[in-house]
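Count residues from 1 along the sequence.
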Amino acid sequence: MTIAYRFANGTDPFERGIDRYRDNQLTRFDGTSELIAEQFDQDRATDKWRDHPTYNHNREIRERADQNEVSAVVAIGGLQQIKFKWDMSFDQIDGTADDLAHLCRLIYEIGRDQKNQIKRLFRSIDLEFFIPTKGIAQRTQNAKWWRALLNRECRRRTEQSLRQLGLVSKSTGLYLSNFTFGGWRESERRAAAFMEEAELVEVGSGEIVSMEDASHGSTANLENRRAELMTRIRGCEELATERGLIPLFLTLTCPSKHHLFAKGKNNPRYNGSTPKRAQQHLISNWNRIRAKLNRNGIDLFGLRIVEPHHDGCPHWHLLLFVEPSQRIEMLEIIIGYSLEEDGDEPGANKRRVEIVELDKAGQAAGYVAKYVAKNIDGFKVGEDLESDGQSSSDTAQRVRAWASTWGIRQFQFFGDASVTVYRELRRIANDSDQVASVTGKTQTAMVAADEGNWAAYSKENGGPCCPHNARPIRPYYSEIKPVTGVQRVGVYGDVLRAIAGIKTATDVILSRTREWVLQFKRDSAPWSCVNNCTGNSQTLIY
């Protein structure tokens, strides 16, 4: 029975394996290699299914899939040997994290050539690109830090193996594998359970706010997130109309070597790239484009939306506002840089940069609204065209799971005023003790922000294309807690700076005048970022 037949008829043993893991903490990774081997070896597809996306039995693909089974052996200075696989359960991850933290403690205790020994350790376990850039001694000797790193890498490497076996596509697992999606949903369930059990307690007054209520009022609430994004887009549109700018909607895609499939078949140019690596390619290319535009004196502002193709490879949608006289030069720069790498491959001229010219700025918000909603909650989008007829309200969950798994930021504005200042001004406007201290243009910006008028707020804070350091209102960060006056120190001993308010050329206005600690409803012991690492039988560690 072929893979294609099993998926089409819902009889696939891999799906039954998923159900088995769903019953017993689906986010575990143990056993995945066996499932992969079963999926690969038992399928003897006939010529009838040779063109199906999941059909590929060449040695290269098999070797890539087997990377999940390769053991990493560490032997540093004869101290000890650590052996593990990237296919680990949570318990195995915990044990390996303890072993690695212990090994690092030995390295620092011996005190000889510590820097190179740590580098050798990371290189031996194929994590050389994850060496901490600060607080390296505190982090590498802490099992909690290793646990987070190993958990993330096990999840990503398992998902990549499943991608390379054809289990991520519109016909098998849209955007990411069903196995990884099930794990993400289990994580969301655990997070929801945490919210139900936790509450915030104000230092001093003892006021209690449930975590559910706090989350519901923030941009963690999907409706709030979508509403704020649309408010900002509408504001950008109004600013562009006032300035006589024209809107352009661009779609940027990666070279063929980053895509698993081409026209429904395995892509012979695919080089094993992950969605994270493909995203880094797009970011690097866009940074070069922005630098060239700046050198040529071309100002633009707008929004970037990142979403996946059906096989998990990211592409960008860009809403840009630019001077009409600079439109041609800007497009030439974008197209030129986008085609520098493999620009002569088939379809590059057509697909690498797709341009939609909107008639006027007033159309921009309406045009981009569906792309925003599709990647948040699917609100009023209808069918997801990347899928086989599924509703966007259903596939939006898979998009968010994909972004979470690969650590990809979905939305980013550029060239306009700070959203952090916007949010802090709204906070100050609703603080009766602080609002009286706001005067002049800052007060005008605060009123506009409180009314949700992004265009008016942006104009009072420098407007589009104003350099960050030249904006009259900027975020203010502090290392000191507002009530206790204690310096903020993290788990790894770092001094932490947190948003505390806004600052102008002459004033600092605090928006965070209250201090909160986290505790569980069933436990009176408060939680903080410090005692979270010590825990007891009733403390949830995450």
Check: Asn178 side chain, Thr172 main-chain N or O, donor-acceptor pair, under 3.5 Å: yes
Ser177 (side chain) donor-acceptor with Gly173 (main chain) under 3.5 angstrom: no
Aromatic ring pairing His317/Tyr371, orientation class (parallel under 30°, perpendicular over 60°, tilted between): tilted
Residues that Trp454 engages under ring pair (Phe, Tyr, Trp, His ring centres under 6.0 Å), provided they are two or more places apart: Tyr422, Tyr457
Check: His281 main-chain N/O paired with Asn285 side-chain donor or acceptor under 3.5 Å: no
Nearest-0.5 Å distance, CG of residue Asn224 to CG of residue Leu229: 11.0 Å
Lys NZ or Arg CZ of Lys265 over Phe261 ring: under 6.0 Å, within 45°: no
Rounded distance [0.5 Å steps], CD in Glu159 versus OG1 in Thr274: 10.5 Å
Whether Arg225 side chain and Thr219 backbone form a donor-acceptor pair below 3.5 Å: yes
N/O donor-acceptor pair under 3.5 Å between Asn142 side chain and Lys144 backbone: yes
Validation row, ring centre Phe122 to ring centre Trp146 under 6.0 Å: yes
Nearest heavy-atom neighbours spanning Asn349 and Gly343: OD1-O, 4.4 Å
Residue pair Ala97 / Ala143: nearest heavy atoms and the distance that separates them: CB-O, 3.5 Å
From CZ (Phe414) to SG (Cys465), nearest 0.5 Å: 9.5 Å
From Arg139 atom CZ to Phe130 atom CZ, the distance as rounded to the nearest 0.5 Å: 15.0 Å
Closest non-hydrogen atom pair between Gly166 and Ser169, with its separation: O-OG, 4.2 Å
Separation of Met88 CE from Glu153 CD (nearest 0.5 Å): 10.5 Å
Note, Arg409 side chain near Val306 side chain (heavy atom, < 4.5 Å): no
Set of residues satisfying side chain to side chain donor-acceptor pair (under 3.5 Å) with respect to Ser273, sequence neighbours excluded: His258
Side-chain ion pair, Arg234 and Glu237, N-O less than 4.0 Å: yes
Distance in Å, Ser256 OG paired with Asp342 CG, rounded so as to fall on 0.5 Å steps: 8.0 Å
Working for side chain to side chain donor-acceptor pair (under 3.5 Å), residues Gln280 and Arg277: CA-CA 5 Å; Gln280 289 168 347; Arg277 194 187 307 170; over 6 Å; no
Heavy-atom closest contact (Val381 atom, Lys374 atom, distance): CG2-N, 3.8 Å
Any donor-acceptor N/O pair, Arg156 side chain to Thr405 backbone, under 3.5 Å: yes
Stepwise salt bridge (charged side-chain N to carboxylate O under 4.0 Å, His left out) test for Glu223 and Arg226: CA-CA 5 Å; Glu223 290 185 9; Arg226 173 166 42 80; 5.1 Å; no
Main-chain N/O of Pro255 paired to Glu341 side chain as donor or acceptor, under 3.5 Å: no
Check: Pro464 and Ser458 side chains under 4.5 Å, non-hydrogen atoms: yes
Test item: Arg327 side-chain N/O and Val322 main-chain N/O as donor-acceptor pair under 3.5 Å: no
Side-chain touch Ile376/Phe411, heavy atoms, less than 4.5 angstrom: yes
Arg157/Asp126 salt bridge by N-O under 4.0 Å criterion: yes
Check ion pair Arg400-Glu188 (N to O, under 4.0 angstrom): no
Set of salt bridge (Lys or Arg N to Asp or Glu O under 4.0 Å) partners for Glu354, sequence neighbours left out: Arg351
Beyond-backbone contact of Leu331 with Leu248, side-chain heavy atoms, under 4.5 angstrom: yes
Backbone of Ser215 reached by a side-chain donor or acceptor of Ser218 within 3.5 Å: yes
4.5 Å side-chain heavy-atom contact, Arg232 and Asp416: no
Student check: side-chain heavy atoms of Thr180 and Val168 closer than 4.5 Å: no
Pairs where residues 288-309 contributes a residue and the test ring-ring contact (aromatic ring centres under 6.0 Å, His included) is met, not counting sequence neighbours: His259-His309, Phe301-Phe321, His309-His315
Side-chain heavy atoms of Pro346 within contact of Arg269, under 4.5 Å: yes
Side-chain donor or acceptor of Arg123 paired with backbone N/O of Glu128 under 3.5 Å: no
pair Asp99-Leu103: side-chain heavy atoms closer than 4.5 Å: no
Listed partners of Arg288 passing salt bridge (Lys or Arg N to Asp or Glu O under 4.0 Å), at least two apart: Glu340
Test salt bridge (Lys or Arg N to Asp or Glu O under 4.0 Å) applied to Glu238 - qualifying residues, sequence neighbours left out: none
